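Keep in mind that the numbers below use all heavy atoms, side chains included, and drop hydrogens, waters and symmetry copies. Everything numeric here is computed off the predicted structure, so don't read it as measured data.
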Amino acid sequence: MAYLTKGSYLVQGINIHILCQSNLQSLLFNYFNSLYRGKKRLDIKPLEFELDIVDEPPSLPTESTPVIKLPSITSYRNGEKIYFRSKDGSMISLDPATRNVRGFLKAEALKDSMELFSLVCAPFVETLKYHGLYSLHSAALYGDGRGYLISGNSGCGKTTIALSLVSQGFKYVSDDFLILEELNGEIIVNSLFRSFNLDQKVAERLPEVALRETFEFSDGFKVSVDISQIFLGSFIPCARPDVIIFPRITPNRKSQIYPLNKKDVYARLLKQIILAIDNEVSKKQLGTLEKLVKQTIGFELLSGRDIYEEPRKLVDLLKHINLQN
């Protein structure tokens, strides 16, 4: 029998309290402790979770309206309450006013850790939006006096580029997932995950990573690696973006980089966010995205074989970027 336990975590400066069965708590403990703690935000109240493992989750309340459908989770709205439902039928509700989260998880949900974490993290990420903290699917780095965002769909090479730049002395905020925030009139990006998710092919590109004996790669799976333990001092918690780069892998030998107009940058970034379910919150979210575009200049990087074989060539390519709009 699994007993109820309460875990407390700090993520991006926000307290998260979770009451659930002990076997579920052990899974969540490893996940939430892998996220960046940040400095405590005294203006944001804790988020209170109560999660149960059940044979059959309750049905959605009548008149619940589907709002956003993702590959693994569908979100619904019913009055002020928000519901998140996974493919296996597990369901979590969020009351943004009281900051209470109630979840009913099927036992099979515990067998797929990525699906489980996506579902449990969904109400947290949604709550952040009510406080001007918006998620963005991008990598972020800082080097040569500039902040860089590397943005694009999965498989475009974000992690490989980020790892290459870190190996050349760049600092990193994240390799994949960020939190946007407006601070003193500027848009900054905050870290959520300190670790990189690497597959064996990417890891083997750099000897500093490949020689780590503790890594055990399985076919089709990635390993979470704290790169700051390999390239010491490479992690920074936040950065101000100056340049946004959208990579596209090509078979060409030589890489090339081309400027993009603001409209194109905005359209591409829009594909890398999930809009808030509340309309008023989503308007503010889009306003922050617009400010990010105005603050930065955008480029498309046609990633050839040269920068993957010699990461220094990528650094040289970035140095020729003109920051003048």
Test Phe104 against Ile92 for side-chain contact (heavy atoms from CB on, under 4.5 Å), laying out the working first.
CA-CA 6 Å; Phe104 300 91; Ile92 291 181; over 6 Å; no
Is the backbone N or O of Pro46 less than 3.5 Å from a side-chain atom of Arg99, with the two atoms forming a donor-acceptor pair by type?
yes
Where do Glu280 and Asp278 come nearest, in terms of heavy atoms and distance?
N-OD1, 3.0 Å
CZ (Arg77) with more than 12 external heavy atoms under 6.0 Å:
yes
What verdict does the side-chain contact (heavy atoms from CB on, under 4.5 Å) test give for Leu192 and Val11, after you've listed the backbone C-alpha separation in whole Å, the side-chain angles of each residue and the deciding distance to 0.1 Å?
CA-CA 8 Å; Leu192 191 61; Val11 181; 3.7 Å; yes
Not counting sequence neighbours, which residues clear ring-ring contact (aromatic ring centres under 6.0 Å, His included) with Phe29? List them please.
none
What's the separation between atom OG in Ser282 and atom CG in Leu289, rounded to the nearest 0.5 Å?
12.0 Å
Leu94 and Lys81, any side-chain heavy atoms less than 4.5 Å apart:
no
Restricting to non-hydrogen atoms, name the atom on Glu181 and the atom on Asn190 that form the minimum distance, rounded to 0.1 Å.
OE1-ND2, 3.0 Å
Tightest non-hydrogen contact, residues Pro247 and Ile245, listed as CD-O, 3.4 Å
Quick check: closest heavy atoms across Met91 and Leu60, and the distance to 0.1 Å?
SD-CD2, 3.4 Å
The ring-ring contact (aromatic ring centres under 6.0 Å, His included) partners of Phe235 (sequence neighbours excluded) come to Tyr36, Tyr172
Cluster question for you: counting only ILVMFWY and a side-chain heavy-atom cut-off of under 4.5 Å, with indirect links fine, are Val166 and Val173 together?
no
Beyond-backbone contact of Val243 with Ile321, side-chain heavy atoms, under 4.5 angstrom
yes
Indicate yes or no: at least one non-hydrogen side-chain atom of Ile273 is less than 4.5 angstrom from one of Leu270.
yes
Would you mind checking if Arg102 and Asp95 are paired as a salt bridge, meaning a charged N to carboxylate O distance below 4.0 Å?
no
Please round to the nearest 0.5 Å and tell me the distance separating atom CZ of Arg312 and atom CG of Leu165.
10.0 Å
Within a 6.0 Å radius of atom CD on Glu80, are there more than 12 heavy atoms belonging to other residues, nucleotides or ligands?
no
Find out whether Phe193 and Asp175 are in side-chain contact, i.e. whether some heavy atom of one side chain is under 4.5 Å from a heavy atom of the other.
no
Shortest non-hydrogen pair, Lys284 vs Tyr134, comes out as CB-OH, 3.5 Å
Does the side chain of Val120 come within less than 4.5 Å of Phe49's, by heavy atoms?
yes
Side chains of Leu314 and Ser255: closer than 4.5 Å at any heavy-atom pair?
no
Gap between atom CG of Leu10 and atom CZ of Phe32 - 0.5 Å precision:
12.0 Å
Hey, are the side chains of Ser164 and Ile307 touching, using non-hydrogen atoms and a 4.5 Å cut-off?
no
To the nearest 0.5 angstrom, please state how far the CZ atom of Phe117 sits from the CG atom of Leu27.
5.5 Å
Please confirm whether the backbone N or O of Pro237 pairs with a side-chain atom of Lys171, one donor and one acceptor, at under 3.5 Å?
no
Look only at the side chain of Gln25 and the backbone of Ile18, and say whether a donor-acceptor pair between them is shorter than 3.5 Å.
yes
Rounded at 0.5 Å granularity, tell me how far CG in Leu51 sits from CG in Leu116.
8.5 Å
Linked, directly or transitively: Leu286 and Ile187 (ILVMFWY side chains, under 4.5 Å)
yes
Measure from the side-chain N and O atoms of Glu300 to the backbone N and O of Arg248, and report whether any donor-acceptor pair falls under 3.5 Å.
no
Are the side chain of Asp52 and the backbone of Val54 linked by a donor-acceptor contact shorter than 3.5 Å?
no
Find out if a path of hydrophobic residues (ILVMFWY) with successive side-chain heavy-atom gaps under 4.5 Å connects Ile16 to Leu4.
no
Is there a side-chain contact between Leu180 and Gln285, using heavy atoms and a 4.5 Å cut-off?
no
Using 4.0 Å as the upper bound for N to carboxylate O, is an ion pair formed by Glu309 and Arg253?
yes
Criterion side-chain contact (heavy atoms from CB on, under 4.5 Å) on Leu301 and Leu317, from CA distance to verdict
CA-CA 10 Å; Leu301 171 65; Leu317 196 63; 3.6 Å; yes
Between Arg268 and Gly298, is there a donor-acceptor pair closer than 3.5 Å when you use the side chain of the first and the backbone of the second?
no
Output yes when a side-chain donor or acceptor of Gln295 lies under 3.5 Å from a complementary backbone atom of Pro241, and no otherwise.
yes
Parallel, tilted or perpendicular: which fits the ring planes of Tyr148 and Phe170, with parallel below 30° and perpendicular above 60°?
tilted
I'd like to know if Lys106 and Glu108 make a salt bridge, using a cut-off of under 4.0 Å between side-chain N and carboxylate O.
yes
Give me the atom names and distance for the closest heavy-atom approach of Thr127 to Pro123.
OG1-O, 2.7 Å
Who are the side-chain hydrogen bond (donor to acceptor under 3.5 Å, both in side chains) partners of Asn30, not counting sequence neighbours?
none
Scan side-chain atoms only and decide if Asn153 and Gln272 contain a donor-acceptor pair under the 3.5 Å cut-off.
yes
Check: Ser75 side chain, Ile68 main-chain N or O, donor-acceptor pair, under 3.5 Å
yes
Nearest 0.5 Å, please: how far is CG in Leu42 from CD1 in Ile14?
11.5 Å
Quick one: do Ile188 and Tyr142 end up in the same hydrophobic cluster if we chain Ile, Leu, Val, Met, Phe, Trp and Tyr together by side-chain heavy atoms under 4.5 Å apart?
no
Set out, in order, the CA-CA distance, both residues' side-chain angles and the distance that settles side-chain contact (heavy atoms from CB on, under 4.5 Å) for Asn33 and Tyr9, then state yes or no.
CA-CA 7 Å; Asn33 280 303; Tyr9 311 96; 3.8 Å; yes
Donor-acceptor pair, side chain of Lys254 and main chain of Gly304, under 3.5 angstrom
no
Is Ile73 reachable from Leu47 through a run of I, L, V, M, F, W or Y residues, each pair having side-chain heavy atoms under 4.5 Å apart?
yes
Does Asn261, at its CG atom, have more than 12 non-hydrogen atoms belonging to other residues, nucleotides or ligands within less than 6.0 Å?
yes
Has the side chain of Ser174 got a donor or acceptor atom that lies under 3.5 Å from a matching backbone atom of Ser191?
no
